[in-house]
Structure formats: C-alpha cells, structure tokens
Amino acid sequence: MQGMQAAASLDETVEALRELETWSYQLAFYILQDERLAAEAGKQALLAMGSEQAFHLQPEAERRDKVKKMIMRKALIVSASSGRRS
C-alpha cells in the first residue's frame, strides 16, 4: 500500500514539474541569454524541486514562486561555472 502511494505521489510530482518545464526554461533563458545554460539551469532547478516532499500538494502559485527562486539560484551557479557573467 505504501509503495503505491509513493508511486502516485511521484507521478503527481512529475506532472506538476512538467507543467512548469517550459516556463522554467523561458525564465532561465531570459536571465542567461544562452540556450545550453538555460536548459541546464532549468533541469537543475526542476530536479531540486522534485526532491521536495509534497511539492505537488502546494498551490500552483507557491510552486511557481519556489521554482522561480530556484531558477534564479541555478542560473547564477550555471553562469558562474561556465565562466560567463549574467
């Protein structure tokens, strides 16, 4: 029973993240102005948010706000590690 609940929770989290995927990339691209870096920042941000327990249960506005903040962090990290300045 617990395994089924965990699988359902994972599916719901993945769906919530997919809904934010394009928007995340667009935001990262706006910040970085580089497709490769934006894709990497978006991927890192969504992976980080996916590990947050009960992410899918949060209201959409709260999820977007958290992802936006994480995108900004990851964009700075990715930019710094690439040697570029944003």
Item to check | Partners meeting salt bridge (Lys or Arg N to Asp or Glu O under 4.0 Å) with K68 (sequence neighbours left out) | outcome: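 Counting only residues at least two positions away or on another chain, K68 forms no salt bridge (Lys or Arg N to Asp or Glu O under 4.0 Å).
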
Can you tell me how far apart [atom1] ([X]) and [atom2] ([Y]) are? Round to the nearest 0.5 Å.
X   : Y   : atom1 : atom2 : answer
D34 : S82 : CG    : OG    : 7.0 Å
I71 : Y30 : CD1   : OH    : 14.5 Å
L32 : L76 : CG    : CG    : 8.0 Å
S79 : Q33 : OG    : CD    : 11.5 Å

Checklist entry - Is any side-chain heavy atom of V67 less than 4.5 Å from a side-chain heavy atom of F55? => result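 Of all side-chain heavy-atom pairs linking F55 with V67, at least one is under 4.5 Å.
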
Next on the checklist: Under 4.5 Å between side-chain heavy atoms, counting indirect links through other Ile/Leu/Val/Met/Phe/Trp/Tyr residues: same cluster for L27 and I77 or not?
Outcome noted: no

Give the table of side-chain donor-acceptor pairs shorter than 3.5 Å for residues 40-53, with sequence neighbours excluded, one pair per line with atom names and distance.
{"unit_1": "E40", "atom_1": "OE1", "unit_2": "K43", "atom_2": "NZ", "d": "3.4"}
{"unit_1": "E40", "atom_1": "OE2", "unit_2": "Q44", "atom_2": "NE2", "d": "2.8"}
{"unit_1": "S51", "atom_1": "OG", "unit_2": "A48", "atom_2": "O", "d": "2.8"}
{"unit_1": "E52", "atom_1": "OE2", "unit_2": "Q58", "atom_2": "NE2", "d": "2.6"}
{"unit_1": "E52", "atom_1": "OE2", "unit_2": "K66", "atom_2": "NZ", "d": "2.9"}

Could you pull out all donor-acceptor pairs under 3.5 Å where a side-chain atom in residues 14-22 meets a protein atom, sequence neighbours excluded?
none

Checklist entry - Are there more than 12 heavy atoms of other residues, nucleotides or ligands under 6.0 Å from atom CD of E62? => result yes

Checklist entry - Which hydrophobic side chains are connected to F29, either touching it within the sub-4.5 Å cutoff or through other members that do? => result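 Y25, which link up through side-chain heavy atoms under 4.5 Å apart, make up the rest of the cluster.
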
